[in-house]
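Before any comments, here is the structure.
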Amino acid sequence: MTDISLEEAVRGRHSVRGFLPDPVPQELLNKVFELAQWAPSGTNIQPWQVYVASGATRDALRTEFIRRAQTGQSPKLDHVDRGKVGEPWRERRRDCAKALYSAMDIAWEDKESRECASLRNFELFDAPHVAFLCMNEVFGMVAAADLGMYVQTLMLSMTAHGLASCAQGTMAHYPDLVRETFNLDPMIKVLFGISFGYEDPSVAANQARTVRAPLEQSVVFRNV
Ligand SMILES: Cc1cc2nc3c(=O)[nH]c(=O)nc-3n(C[C@H](O)[C@H](O)[C@H](O)COP(=O)(O)O)c2cc1C
């Protein structure tokens with residue numbers, strides 16, 4: 001593990017959307033994922049089931065993801081968000097996209113370039129590994145929160161071990177493909193994925209940085 005403080009890991013982790021082809025050695029993968037196992041969960045049920053594709057498995061998945069996205073195959077997600085998202089969340093979402101397109105020098109009006117940028121998701125941003133975060137369908141929202149705990153722990157573990165990552169809701173677009181690849185029971189549902197590996201610093205998209213809302217928009221302290 002690198003000599004990095006918790007604050008450095010939390011503030012230093014950012015979504016990376018361009019990776020070097022070098023695979024992460026299995027020994028390091030074991031360390032990184034073992035540390036993430038220490039994430040908390042309600043009654044310690046540990047509902048996360050994680051499937052990591054590398055090598056030929058990753059290549060075949062990537063090819064099929066690209067084919068489906070390019071031919072406009074509609075996503076068929078296991079979990080769908082409820083209702084329309086209003087403010088302030090819409091604006092935060094727009095700002096996040098703007099930060100990425102501006103780092104990539106893509107004008108908002110340039111729909112074709114934006115679509116190409118979006119397709120990069122299915123190319124796994126060239127990452128040598130992609131992890132699929134899944135849970136059994138017997139679980140509901142509370143266990144999904146446990147998965148959130150796990151994923152941030154995992155991404156911080158990656159940061160602390162010198163690895164880069166990008167969480168991807170887009171990796172839940174074709175869950176049937178994930179189940180087929182890993183021969184999973186239909187009860188296993190895909191929530192999202194994480195492409196990861198070593199950051200390619202020459203990729204423009206990796207210069208994108210997001211901001212956070214001021215504390216008072218998210219947290220209320222009351223003591224009287
Ligand atoms: C559950 C989840 C799903 C995400 N899905 C995608 C995605 O499909 N594609 C993408 O490029 N980024 C995706 N992101 C990355 C977010 O856009 C990013 O975390 C956010 O803008 C904050 O930026 P930061 O990670 O650099 O701090 C996702 C992040 C999370 C936590």
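Each residue takes its place number in the sequence, starting with 1. Just the heavy atoms: all of them, side chains too, but no hydrogens, waters or symmetry mates, feed the values below. For ligands, and for the atoms within them, numbers begin at 1 and follow the listed sequence.
For S157 (side chain) and T153 (main-chain N/O), no donor-acceptor pair under 3.5 Å exists by modelled atom type. Of the possible donor and acceptor atoms, none in the side chain of E112 sits under 3.5 Å from a partner among the backbone N and O of D110. For R58 (side chain) and A127 (main-chain N/O), a donor-acceptor pair under 3.5 Å exists by modelled atom type. No donor-acceptor pair closer than 3.5 Å links the side chain of R114 to the backbone N or O of I106.
Applying the 4.0 Å criterion to heavy atoms of H14 picks out, from ligand 1, the atoms 26 (O). Listed by number with element, the atoms of ligand 1 under 4.0 angstrom from any heavy atom of R17 are 10 (C), 11 (O), 12 (N), 15 (C), 16 (C), 17 (O). Interface of C96 with ligand 1, defined as ligand atoms under 4.0 Å from a residue heavy atom, comprises 17 (O), 21 (O). Of all the atoms in ligand 1, the ones that sit under 4.0 Å from a non-hydrogen atom of N121 are 7 (C), 8 (O), 9 (N), 10 (C), 11 (O). Proximity to T210 (heavy-atom distance under 4.0 Å) selects the following atoms of ligand 1: 21 (O), 22 (C), 23 (O), 24 (P), 26 (O), 27 (O). For ligand 1, the atoms closer than 4.0 angstrom to any heavy atom of R13 are 24 (P), 25 (O), 27 (O). Residue F125 has at least one heavy-atom neighbour below 4.0 Å for each of these atoms of ligand 1: 11 (O).
Among G148, G12, S195, S15, the residue whose heavy atom lies nearest to atom 25 (O) of ligand 1 is S15.
Residues L61 and L177 are in side-chain contact: their nearest non-hydrogen atoms beyond the backbone lie under 4.5 Å apart.
Taking atom 8 (O) of ligand 1 as the reference point, the nearest protein heavy-atom neighbour is T170 OG1, 2.7 Å. Shortest contact from atom 29 (C) of ligand 1 to any protein heavy atom: A167 CB, 3.6 Å.
Assignment of R212 to the shell around ligand 1 is supported, since a heavy atom sits closer than 4.0 Å.
Residue pairs that meet the ring pair (Phe, Tyr, Trp, His ring centres under 6.0 Å) test with at least one member in residues 2-37, sequence neighbours left out, are F33-F196.
For A208, no heavy-atom contact with ligand 1 is shorter than 4.0 Å. Counting heavy atoms closer than 4.0 Å to ligand 1, residue R93 contributes nothing at all.
Below 30°, between 30° and 60°, or above 60°: for F182 and Y51 the angle between ring planes is between 30° and 60°, a tilted geometry.
Taking CD of E199 as the start and CG of N206 as the end, the distance is 4.5 Å to the nearest 0.5 Å. Atom CZ of residue R179 and atom CE of residue M187 lie 11.5 Å apart, to the nearest 0.5 angstrom.
Checking only distances, G169 does come within under 3.5 Å of ligand 1, N or O to N or O.
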